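Down below is the structure, laid out as structure tokens.
This one's a predicted model, so the numbers in the text were calculated from it and none came from an experiment. As a basis for the values below, the full set of heavy atoms in this structure was taken, side chains included, without hydrogen atoms, waters or symmetry mates. Numbering starts at 1 and runs along the sequence shown.
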Amino acid sequence: MTEIERAIEAEVRNRPPPHEPNSVTPPTVSVPNMAMPDYVEHSAGATEIGKLSAEAVVREHEIAAKEIEVMGAELIDLVKQCELVTRNALTVNEEPKETAGRYREKAKRVFRPIENCSQVTTEVRNICTELREKIAARSAVAKTAQT
């Protein structure tokens with residue numbers, strides 16, 4: 001046999017038989033150091049295993065309940081942030097309203113002078129037309145008088 005085969009065979013022979021208890025220590029489970037909540041108490045006559053099992057289950061539920069409370073607190077924080085954003089949006093919305101109002105006032109101030117300018121321009125055109133017609137009429141009279 002080769003050297004490796006001999007080493008394997010020696011190892012198998014040195015192992016304890018399967019029915020003998022193993023000298024390896026079992027793994028330990030650590031229980032969180034947490035007092036039992038006030039809303040439960042052990043019943044008289046409950047076995048030790050029953051008490052431990054009930055405590056373990058109630059601890060898990062209590063941990064989950066605390067996580068739910070933390071989540072609720074975070075939700076309240078988010079609601080407060082949303083309220084702040086809403087208040088800020090309403091405050092900011094006042095500025096565009098004021099700006100729009102200023103534009104409307106400016107439009108009112110500009111409206112009248114533009115209309116007046118348009119009326120003056122129309123009057124000037126009418127006067128010019130009348131003058132041209134008068135000049136043309138005088139010119140026609142002068143031409144007929146010359147002939």
Side-chain angles (χ1 to χ4, degrees), residues 1-140:
M1 282 198 201
T2 66
E3 189 69 32
I4 295 174
E5 289 174 335
R6 285 187 196 131
I8 292 172
E9 187 177 297
E11 192 64 37
V12 169
R13 271 190 250 134
N14 292 337
R15 281 189 158 194
H19 65 279
E20 289 182 18
N22 197 346
S23 62
V24 177
T25 58
T28 58
V29 178
S30 63
V31 177
N33 190 6
M34 185 171 144
M36 208 166 65
D38 294 338
Y39 57 85
V40 293
E41 64 180 54
H42 291 296
S43 302
T47 65
E48 190 64 27
I49 291 176
K51 288 179 182 181
L52 290 173
S53 297
E55 284 181 25
V57 170
V58 82
R59 280 189 184 114
E60 289 298 317
H61 280 79
E62 185 60 26
I63 290 169
K66 287 183 181 188
E67 289 295 323
I68 291 168
E69 289 173 340
V70 167
M71 188 174 56
E74 289 173 357
L75 180 62
I76 294 300
D77 288 342
L78 290 174
V79 168
K80 288 177 182 177
Q81 288 176 3
C82 287
E83 289 172 346
L84 179 63
V85 167
T86 302
R87 277 193 306 274
N88 289 343
L90 294 173
T91 302
V92 169
N93 192 34
E94 290 303 315
E95 187 176 332
K97 285 181 181 178
E98 291 171 7
T99 303
R102 286 194 306 271
Y103 269 72
R104 287 185 179 103
E105 287 300 317
K106 187 173 183 177
K108 284 182 196 177
R109 286 192 311 266
V110 171
F111 182 80
R112 293 283 180 221
I114 291 174
E115 269 194 349
N116 290 340
C117 183
S118 175
Q119 289 172 348
V120 168
T121 303
T122 301
E123 288 177 27
V124 167
R125 277 194 312 235
N126 289 341
I127 291 172
C128 288
T129 302
E130 288 174 14
L131 279 173
R132 267 187 278 141
E133 288 172 358
K134 283 182 183 179
I135 292 172
R138 283 187 187 165
S139 179

Next on the checklist: salt bridge (Lys or Arg N to Asp or Glu O under 4.0 Å), that's the test. Do R112 and E115 meet it? Break it down for me.
Outcome noted: CA-CA 5 Å; R112 293 283 180 221; E115 269 194 349; 3.5 Å; yes
Checklist entry - Would H42 and E55 count as a side chain to side chain contact (heavy atoms under 4.5 Å, CB included) if you check the C-alpha gap in whole Å, the side-chain angles of each, and the deciding distance to 0.1 Å? => result CA-CA 9 Å; H42 291 296; E55 284 181 25; 2.6 Å; yes
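For E105, the side chain to side chain donor-acceptor pair (under 3.5 Å) partners at least two apart in sequence or on another chain are K108.
Between the side chain of T121 and the main chain of C117, a donor-acceptor pair closer than 3.5 Å is present.
Annotation: side chain of I135 is not in contact with side chain of R138 (no heavy-atom distance under 4.5 Å). Using a 4.5 Å heavy-atom threshold, the side chains of I114 and S118 count as separate.
Applying the 6.0 Å contact sphere to OH of Y39 captures more than 12 heavy atoms from other residues, nucleotides or ligands. Heavy-atom neighbours of H61 NE2 from other residues, nucleotides or ligands within 6.0 Å: at or below the threshold of 12. Environment of CD in E41: sparse, with no more than 12 heavy atoms of neighbouring residues, nucleotides or ligands closer than 6.0 Å. With a 6.0 Å radius and a threshold of 12 heavy atoms from other residues, nucleotides or ligands, L131 has its CG atom above the threshold.
Listed here is the closest heavy atom pair of S43 and K51: O-CE, 4.5 Å.
Between K66 and E69 there is no salt bridge, since none of the side-chain N atoms of the basic residue sits less than 4.0 Å from a carboxylate O of the acidic one.
Residue E48 holds its CD atom at 10.0 Å from OG of S53, rounded to the nearest 0.5 Å.
Within the structure, the side-chain hydrogen bond (donor to acceptor under 3.5 Å, both in side chains) test picks out the following pairs touching residues 80-99 (sequence neighbours left out): T99-R102.
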